[in-house]
Amino acid sequence: MNEQVGRFQELGRLMQNHGLEMITALVILIVGLFLTKWTVKKLREILGKFINNTATVSMVVNSVGVLLLGVVITASAMEVGARPGPMVAAMMIVVLSTIGIIVIFRPLIPTLPFKVGNTVKAGNLLGKVEATTVLNTRLRTFDGKTFFVPNRQILDDIVINYHFTKTRRIKIDVIIRYDQDLIKAKRVLEALMIEDARILPKPNPQVYVLELGLNGVRLGGRCWVNNLKFWVTQCEMLEKTKLRFDAEGIKFAYSQLEVSYRKEEDDWTEDLSPDTEMPEN
Amino acid sequence: MKLTEGMQLIAEGWIVKPEGFRVKFQQMTNGELVTGYSPPETDTPLDSDVTTWRYAWKLAMAASPEGDELHDGCLVNVTVVDEKGSPIRYYATGKPEIFNPSDI
């Protein structure tokens, strides 16, 4: 009991002698933490408008945040009597060490090969990246399902990032019959690609004869389009190709098999009719 | 003529790539036919002729005249033009196409 009373008396004396400094330090700490958080948030917003790279913005903002935190803690400690020299030196060492570790080891840390908003194919999943965390990636497929894919699985798998390049090639492969006008078909297909507003003029759209196949001549149209317009453009180019070929009277080939029957004298099948009995083995 | 000059000549003289498409129509307003565009000429044109033709057809169906009589708000002579206002051929037939044609 006496021990507790003694402690309270000691606390009372402490508050009497240094109470004002302690309260001021506490206020500096609380206000400083709020200000640091607010500054970091605003800085992130401002930098986000000028720098597209999210990782760079995060690194800069986090570094500034650590520095501000150090300043706040140092100021608060100085208010309660800590000597500024050793405090500043200690904080500087901690901050510089942290930044140094981040800069040195950052290239060694495995990073995901996409950003939020990219369309990717990871494993069997094709979708848009909605969010990434330390443990998993949230992927929304185009049929509306949300998948939480472990990052470990993504890092071990082949990933196609459809936003990595700005442009993408469209393939329009068609097969026309052998009796059709090949040159006319090439001209029509090339004109279709050139006159589309979304097809890029360079590289030039090209039409190749890819194969003299079993059913017909396979033509391949190749052109480039901005990545974001790829899918719709490809679908519409296929539609336009079908309709324009129809309008121009160019007939597509379709799978067919010609069967020739050669009649031989000793062939028992010549008498084959529903009433004929099948020979027994 | 150098190859680059030849390519330049082809690019400018063979098939001119349109930059965008608009639906051009005439709308009956207070007894008069007023020519309009969608999207308006001040807005960015659509980049797909397929989409624009589909849009034009839907507009024509939604505001088609009743018989020969043109009522207020109906759309006639609906077609698709490029960014310069020149009519473009219907991609399906390769020929000009006008929905709800009217001689008035």
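So that the names make sense, note that chain A is the first sequence line, chain B the second, and so on, each numbered from 1.
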Examine whether an atom of [X] lies under 4.5 Å from a heavy atom of chain B, and if so say whether it belongs to the side chain, the backbone or both; otherwise answer neither.
X	result
A:Asp196	both
A:Ile199	both
A:Met193	backbone
A:Lys242	neither

- Query: Can a cation-pi geometry be assigned to A:Arg168 and A:Phe230, taking NZ or CZ under 6.0 Å from the six-membered ring centre and within 45° of the ring axis?
  - Reply: yes
- Message: Restricting to ring pair (Phe, Tyr, Trp, His ring centres under 6.0 Å), what partner residues turn up for A:Phe34, sequence neighbours left out?
- Response: none
Would you say [X] and [Y] make side-chain contact, with heavy atoms under 4.5 Å?
X	Y	value
B:Thr79	B:Val23	no
A:Val217	A:Leu182	yes
A:Arg218	A:Asp173	yes

- Query: Which value, rounded to the nearest 0.5 Å, describes the distance between A:Leu69 atom CG and A:Leu33 atom CG?
  - Reply: 6.0 Å
- Item | chain B interface, residue from A:Asn204, A:Val232, A:Ile194 that has the most non-hydrogen pairs under 4.5 Å | A:Ile194
- Pairing of A:Glu195 and A:Arg244 as salt bridge, 4.0 angstrom limit: yes
- Tell me, yes or no, whether the heavy-atom count around B:Met7 atom CE, taken from other residues, nucleotides or ligands under 6.0 Å, exceeds 12. no
- State whether the number of non-hydrogen atoms from other residues, nucleotides or ligands found under 6.0 Å of B:Lys17 atom NZ is greater than 12. yes
- Message: Give the interface residues of residues 133-147 of chain A toward chain B, defined by a heavy-atom separation under 4.5 Å.
- Response: none
- Message: At a heavy-atom distance under 4.5 Å, which candidate from B:Ala11, B:Gly20, B:Ser48, B:Gly94 has the highest pair count against chain A?
- Response: B:Ser48
